[in-house]
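Notes for the one structure printed next.
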Amino acid sequence: MDKLQRDGVDPGEMVDIAGGTVSAQVFVDRRIYEGEVTKVFPRSWLYLAHESQFKRSGDFITTYMGEDGVIVVQQGDGRIGAFLNSCAHRGASVCKADLGNTSVFVCPYHGWSYSTSGELRGMPNQSSTYPDLDKAKWGLSPVPRVESYKGLVFGCFDEAAPSLRDCLGDMAWYLDALVDRQEGGIEVVGGVHKIRVVGNWKLAAEQFAGDSYHTITTHSSVPGSWRDPKRAKTSYSVSEFFAQPGRQFSCRGGHGLSGFTGAVPVQSKGGTATGYSGKAVSEDFQIVADYFTSTMGAASKRLGLQAEHAPPDGSGLVFPNFAFLMGVNGCSSIGVFHPKGPGVFEFWRWGVVDKSASPEVKTAMIRCLHVWPVGLGDADDGENWSSVQTRLSGPMSRQRRLNYQMSLGRESSDPVYPGIINPSIVGEYPQREFFRRWA
């Protein structure tokens with residue numbers, strides 16, 4: 001019996017997959033949260049960085065794996081490594097910058113210094129302070145597993161965990177629709193966008209894993225706020241939204257995705273083009289929409305799809321906390337949900353674009369990203385997540401079981417798209433599989 005069960009909290013009882021219910025406690029109970037940061041995150045592959053963020057030896061970024069701060073750095077041999085951002089002397093941060101380039105990390109507390117490979121270089125007046133210290137034993141603590149999938153760099157503290165590729169399973173095919181749609185892959189554009197949310201990290205994770213349902217209500221004001229009266233209509237009715245061809249994907253690994261799989265009309269300068277990036281509402285969005293339309297055929301071919309099928313266009317999650325959007329209004333992005341307690345998390349997001357895209361497309365993509373999703377979508381979603389957290393924190397509300405029964409029993413296989421599929425863009429199968437893996 002583990003500590004959670006001794007404390008009277010059984011994650012298996014919190015989740016009823018067959019009945020389609022989840023206890024509200026999973027979002028508010030501190031004992032459950034402590035179990036997550038000691039059991040879920042250390043045993044999972046966690047997103048660290050993208051290879052395009054490292055140009056030369058010594059380039060680094062700082063990030064988190066669960067609640068542990070880490071440094072991700074390109075070492076002298078060209079490999080990307082990761083280390084706990086904690087000095088071996090007293091545990092202070094040895095790097096306080098978000099990113100940069102260096103040949104040495106120096107702890108600001110007592111001056112212990114470390115190479116980009118994590119070795120202890122020395123400390124002030126070492127001959128008198130530590131004359132007999134074996135420096136080989138006192139380097140930065142490495143993240144033992146660092147692996148990359150087509151530019152996406154992940155780390156894992158569990159040396160016995162299966163490989164990153166094995167853990168991705170069928171999700172790798174869907175990731176390819178984002179990271180490998182064109183020769184040369186993708187690159188990060190612009191800087192990182194960070195927001196701090198009052199809410200449990202799983203609220204965001206399960207939404208990205210497959211919740212297209214919220215779009216109809218949550219983001220209904222967005223088209224009106226950015227509408228150009230000189231252009232065609234920029235919103236779908238509820239019936240139009242549900243009529244769009246789409247799929248949901250999930251697997252026992254807890255990964256999930258919800259996306260459109262057919263052509264969606266895009267208003268172009270010369271008439272109506274066919275694409276899957278939404279209805280363009282500005283010059284920048286038009287540039288990006290035209291780019292996605294013009295490259296869809298090549299992307300489909302790389303994925304092995306026939307001409308009548310499109311790569312998925314929607315949101316996805318690699319369990320537990322790596323999220324992505326691909327092609328939604330042309331603004332592809334990757335992000336991660338960093339837990340900061342049972343009721344707070346940080347959402348870090350980067351824009352991504354095909355490396356082979358023109359400078360005009362990349363610049364337009366950056367400007368679009370600040371409108372959608374960062375400027376409008378994240379604000380809508382953050383309001384919802386905070387509302388849920390506030391309401392479920394009440395002593396009576398947390399005793400409730402929440403309904404996850406949509407599309408229960410409808411999952412099946414698909415001749416075109418890999419994995420277990422819900423044959424609609426709306427359902428809760430991916431959310432149920434997320435919580436199955438979590439439990």
Side-chain angles (χ1 to χ4, degrees), residues 36-149 151-161 163-164 188 192 194 320-322 336 338-340 346 348 350:
E36 292 170 345
V37 296
T38 58
K39 293 179 178 293
V40 174
F41 286 94
R43 295 163 61 186
S44 301
W45 283 99
L46 305 176
Y47 176 75
L48 297 177
H50 190 267
E51 290 177 357
S52 65
Q53 295 173 277
F54 304 90
K55 308 296 185 185
R56 57 195 176 106
S57 176
D59 281 353
F60 70 87
I61 68 167
T62 53
T63 185
Y64 290 89
M65 297 178 66
E67 285 195 345
D68 288 294
V70 295
I71 303 168
V72 188
V73 58
Q74 181 171 316
Q75 302 170 74
D77 60 3
R79 292 184 300 172
I80 295 174
F83 305 90
L84 289 180
N85 189 2
S86 178
C87 181
H89 180 227
R90 288 293 185 272
S93 299
V94 299
C95 182
K96 295 190 175 183
D98 290 339
L99 75 168
N101 181 275
T102 189
S103 60
V104 62
F105 297 103
V106 181
C107 177
Y109 195 178
H110 296 98
W112 284 36
S113 61
Y114 304 86
S115 72
T116 57
S117 297
E119 295 94 349
L120 177 62
R121 285 269 186 89
M123 62 283 297
N125 203 23
Q126 179 184 343
S127 60
S128 62
T129 54
Y130 291 95
D132 302 317
L133 181 69
D134 183 355
K135 291 190 290 185
K137 296 180 179 179
W138 295 97
L140 297 176
S141 297
V143 176
R145 307 281 298 281
V146 176
E147 296 180 16
S148 177
Y149 182 76
L152 300 171
V153 182
F154 288 75
C156 183
F157 287 114
D158 185 358
E159 297 190 61
S163 69
L164 172 62
V188 170
V192 60
K194 301 180 181 181
N321 65 334
F322 172 69
V336 63
H338 292 303
K340 300 298 178 183
E346 291 183 4
W348 295 13
W350 298 262

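Only one option out of Phe154, Tyr64, Tyr149 pairs with Tyr47 in a ring pair (Phe, Tyr, Trp, His ring centres under 6.0 Å); it is Phe154.
Contact annotation: the side chain of Cys95 approaches that of Phe60 to within less than 4.5 Å [non-hydrogen atoms, C-beta and beyond]. Side-chain atoms of Lys340 and Glu346, non-hydrogen and from C-beta on, do get closer than 4.5 Å to each other. In this structure, Pro108 and Lys96 have side chains that are in contact, with non-hydrogen atoms separated by less than 4.5 Å. Within the 4.5 Å cutoff, side-chain heavy atoms of Ser127 are placed close to those of Asn125. Within the 4.5 Å cutoff, side-chain heavy atoms of Phe157 are placed close to those of Met65. A 4.5 Å side-chain heavy-atom check between Val153 and Glu51 finds at least one atom pair inside the cut-off.
Here the shortest heavy-atom pairing between Val106 and Ser113 reads CG2-CB, 4.0 Å. Nearest heavy atom pair, residue Val94 against residue Cys107, reads CG1-CB, 4.0 Å. Contact between Glu159 and Pro144 at its shortest, heavy atoms only, is CG-CB, 3.6 Å. Here the shortest heavy-atom pairing between Phe54 and Asp59 reads CD2-O, 3.4 Å. In terms of heavy-atom proximity, Pro42 sits nearest to Thr38 at CG-O, 3.6 Å. Here the closest heavy-atom approach between residue Gly111 and residue Pro124 is recorded as O-CD, 3.6 Å.
Between Thr63 atom OG1 and Asp98 atom CG the span is 9.5 Å, to the nearest 0.5 Å. Separation of atoms CG (Leu48) and CD1 (Ile80) is listed at 9.0 Å; rounding is to 0.5 Å. For the atom pair CG (Leu152) and OG (Ser52), the distance works out to 9.5 Å, reported to the nearest 0.5 Å. The distance from atom OG of Ser86 to atom CG of Asp68, rounded to the nearest 0.5 Å, is 9.0 Å. Distance check: Gln53 CD to Leu99 CG gives 8.0 Å after rounding to the nearest 0.5 Å. To the nearest 0.5 Å, atom CG of residue Leu120 and atom OG of residue Ser115 are 9.0 Å apart.
The closest donor-acceptor contact from the side chain of Arg43 to the backbone of Ala161 lies at 3.5 Å or more, if one exists at all. Asn101 places a side-chain N or O within donor-acceptor distance of the main-chain N or O of Ser57, the cut-off being under 3.5 Å. Checking side-chain atoms of Thr116 against main-chain N and O of Gly58 turns up no donor-acceptor pair under 3.5 Å. Distance alone, capped at 3.5 Å, places no donor-acceptor pair between the Arg121 side chain and the Val104 backbone. Without hydrogens or angle criteria, Asn85 side chain to Ser93 main chain gives no donor-acceptor distance under 3.5 Å.
At most 12 non-hydrogen atoms from other residues, nucleotides or ligands lie less than 6.0 angstrom from CH2 of Trp138.
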Residue pair Phe83, Phe105: steps toward the ring pair (Phe, Tyr, Trp, His ring centres under 6.0 Å) verdict
CA-CA 11 Å; Phe83 305 90; Phe105 297 103; 8.1 Å; no

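A cation-pi arrangement is absent between Lys135 and Tyr130, since the terminal nitrogen or guanidinium carbon is not both under 6.0 Å from the aromatic centre and inside a 45° cone about the axis.
By the 30° and 60° cut-offs, the orientation of the rings of Tyr114 relative to Trp112 is tilted.
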